[in-house]
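Here the structure is laid out as C-alpha cells; the discussion comes afterwards.
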Protein chains: 2
Amino acid sequence: MKVNKYVMIYKEIAEQIDKGVLSAGDILSSENDLAEQYETSRETVRKALNVLVQNGYIQKIKGKGSVVLNREKMQFPVSGLVSFKELSQTLGKETRTTVHEFGLTHPDAYIQKQLRITGDEEVWRVVRSRNIDGEHVILDKDYFIRKNVPLLTKEICEDSIYHYIEGELGLVISYAHKEIVVEPCTEEDQKYLDLNGYDQIVVVKNFVFLDDTTLFQYTESRHRLDKFRFVDFARREK
Amino acid sequence: MKVNKYVMIYKEIAEQIDKGVLSAGDILSSENDLAEQYETSRETVRKALNVLVQNGYIQKIKGKGSVVLNREKMQFPVSGLVSFKELSQTLGKETRTTVHEFGLTHPDAYIQKQLRITGDEEVWRVVRSRNIDGEHVILDKDYFIRKNVPLLTKEICEDSIYHYIEGELGLVISYAHKEIVVEPCTEEDQKYLDLNGYDQIVVVKNFVFLDDTTLFQYTESRHRLDKFRFVDFARREK
DNA sequence: GAGTGGTCTAGACCACCTA
DNA sequence: AGGTGGTCTAGACCACTCC
C-alpha cells in the first residue's frame, strides 16, 4: 500500500489539529520549514496544505502564514457524498434500517428522466426507512441501473449499499449532484414514516456518477422536517 | 491587472465548454500537448485543469485523459457564497428587497453565541424581506459586528450589502459555514412574509468569515417551504 | 509499448505582510 | 529588508489505459 507523501503530511498535520497539539489561531511552520522537516520539496508541502485548506483545517494568508481554524462548527461533514451509514455513526445515534420494497423494475417516466435512460433498461428499486432513536424519520428511495449493478440482495440493502458497490463490485463513485427541496408528503411517506403530523417533507435528490463519468444512481432521501439538518462549508471562489 | 497563466488557460477551456466548442464526452488534449500549445509547463496546465475539475467542467481519468462533463444539471451554483442579488439574477426572476428593520443594537444571548462575541460589542441588525414574482417569500436577518463594518445605511441594505462590504470597505470574504434546518414559523415570519398557510420555514444559517479568519457576520435566510431550493455539487474525497 | 494523468523535485521570481 | 505564501519551470519516475 503505497501512500503519497503529501497525503502523509496532510494526515500528520490534521491529526495534530484534531488532537489539539495545534489549536485555532496557531500559525503552522512555514512551507520552507515544513519541506525541510519532512525532507521533501516545497511543492509537495503545498499540496498537503491545500488539502488542509479544502477540509477547513487551515487558512493561508499571503505574507503571513497558515492559520489553524476553529473547526468546532464543522464537526460533521454531512456535505458531500456521505452515506447514511457513515452519517449515523458520526451522529452517534441508535439507528435501524428497514427494507420495505426491493426488486427489479422498468421505471416510470420520471425516473427514466432522472437517470437519463429509456424504458428498456432494468433498474433496481429499493425503498428503505431509517429509524433513528425509535422513530422512522427518513425514507430513502434508491434506483440503480442494472447494467452497472448486476446483483443486489435484500441483505445488502439492510447494511450499506455503497459499501457493497465500492467494496465488492469495485465501482468507484466519483461525484454527485444534489438538490434539496421541500415537497408535500406522499402516501408512501405516510405509509413508511412516523410523520408526527407534518404534511411536508424535505427531499434530498442525489445524482451519483461513477469514475467513468456515467450516471448510475438516483436517490431520493426524504427527511421529516424536524429531523433534517444539512451542513456545508464553502470557500469563496476567486 | 496581472492575470495568472493558469487562470487564463482555465478560462479559455471553460469558455470552449460553455460555448459548445467542446461538449460532454469529448477528451481534452493531453496535458503535455496543452503545455506545448500554451507555451508553459505541464504543472501549470495541471493547475488550470484542477480548477476545471473543481468547477465540474471536466473529470480526469488516469491513463486516458480529461473528459468533458455534462453540465446541464449544474447550471446555477447556488451552493457556496452566493449573495441574494447574484442569486436572483441567475434565476432571472423579478425581485424586490424591502428593509423592515435596521440599526445598531446590543444583541441577545443567541446572537452573541452565534457571533462569538460579548454583550459589549455593538452589532448592526438588518431585517429584509425578498419579494419574488409578487410574493414575500424570503426573510433575511443579518448581523454584522460594528468593529468590522463601521457604517451601514438603509440605502446600502436595499441594494447589496456584500457589494458594499467587498467593494467599498475592501473587506475580503473568505469562506462560510452554512447550516440548513426547518423550524416552526415565528411571529416575525408571519409579520413580514406571505406564508400562504405554511407553519414551518426553511432556515439557512450562514457564518461568514473574513480573509483574516475572523467571523464577522451571521445571517439567517428564512425561505418559505415551497420556494426553497438548494443545489450542491460534490466530489468524492480521497 | 506508447500515451495518459499522478506524484515529486529543486530550483526561480513575484506580491504581500511585518518589523 | 526579510520572511511568507503564490506562481512557474523543466525536468523525472510511476501507475494506469488502450491498442
Side-chain angles (χ1 to χ4, degrees), chain A residues 1-13 25-54 57-69 170-172 174-175 210-214 235-238, chain B residues 1-13 25-54 57-69 170-172 174-175 210-214 235-238:
Chain A
M1 190 69 171
K2 176 70 165 54
V3 176
N4 294 330
K5 203 177 275 191
Y6 80 92
V7 174
M8 211 197 62
I9 298 173
Y10 161 73
K11 284 187 177 167
E12 281 200 31
I13 298 177
D26 288 355
I27 307 270
L28 297 189
S29 306
S30 77
E31 295 178 351
N32 282 314
D33 286 355
L34 288 171
E36 213 172 307
Q37 283 176 41
Y38 286 101
E39 295 180 316
T40 184
S41 69
R42 188 176 150 222
E43 282 293 350
T44 299
V45 169
R46 283 176 57 72
K47 224 162 168 179
L49 296 189
N50 282 339
V51 183
L52 289 167
V53 170
Q54 293 288 339
Y57 277 99
I58 65 169
Q59 168 155 5
K60 296 169 140 209
I61 302 179
K62 198 191 295 197
K64 200 171 169 194
S66 300
V67 187
V68 177
L69 295 180
L171 298 178
V172 179
S174 166
Y175 64 98
L210 292 179
D211 213 25
D212 62 2
T213 80
T214 58
R235 260 145 276 95
R236 182 80 166 177
E237 310 196 1
K238 255 159 280 172
Chain B
M1 190 68 173
K2 176 70 165 56
V3 176
N4 295 329
K5 203 177 277 193
Y6 80 92
V7 174
M8 211 197 62
I9 298 172
Y10 161 75
K11 284 186 177 169
E12 281 200 30
I13 298 177
D26 289 355
I27 306 272
L28 297 190
S29 305
S30 76
E31 295 178 350
N32 282 313
D33 287 354
L34 287 171
E36 214 172 304
Q37 283 176 40
Y38 286 101
E39 294 180 315
T40 184
S41 69
R42 189 175 149 222
E43 282 293 352
T44 300
V45 169
R46 283 176 58 72
K47 224 164 170 178
L49 296 190
N50 282 339
V51 183
L52 288 167
V53 170
Q54 294 287 339
Y57 277 98
I58 64 169
Q59 168 156 5
K60 295 169 143 207
I61 303 178
K62 198 193 294 195
K64 201 170 168 194
S66 299
V67 187
V68 177
L69 295 179
L171 298 178
V172 180
S174 165
Y175 63 98
L210 292 179
D211 214 25
D212 62 1
T213 80
T214 58
R235 258 145 278 96
R236 181 81 166 179
E237 310 196 3
K238 255 160 281 168

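Per chain, numbering begins at 1; letters A, B, ... match sequence-line order.
- Closest heavy-atom contact between B:Asn50 and B:Lys60: OD1-NZ, 3.9 Å.
- Remark: C1' of C:dG5 and CG of A:Asn4 are 13 Å apart, rounded to the nearest angstrom.
- Scanning both residues, A:Ile27 and A:Gly65, for their nearest heavy atoms gives CG2-CA, 4.2 Å.
- Taking for each of B:Ser66 and A:Ser41 the nucleotide of DNA chain C with the nearest heavy atom, the 5'-most of the two is the partner of B:Ser66.
- Smallest separation of non-hydrogen atoms from B:Ile58 and B:Leu49: CD1-O, 3.7 Å.
- Here the closest heavy-atom approach between residue B:Tyr6 and residue B:Thr44 is recorded as CB-O, 3.7 Å.
- When all heavy atoms are compared, the tightest approach of A:Ser29 to A:Gln37 is OG-NE2, 3.4 Å.
- Atom CZ of B:Arg46 and atom P of C:dT4 are 14 Å apart (whole Å).
- Between A:Gly63 and A:Lys5, the residue anchored closer to the 5' end of DNA chain C is A:Lys5, taking for each the nucleotide with the nearest heavy atom.
- The two residues A:Ile13 and A:Tyr38 have their closest heavy-atom pair at CG1-OH, 4.1 Å.
- At the heavy-atom level, A:Ile61 lies under 4.0 Å from the strands shown only through sugar-phosphate atoms.
- Interface limits on DNA chain D: the 5'-most and 3'-most nucleotides within less than 4.0 Å of chain B heavy atoms are D:dT7 to D:dC18.
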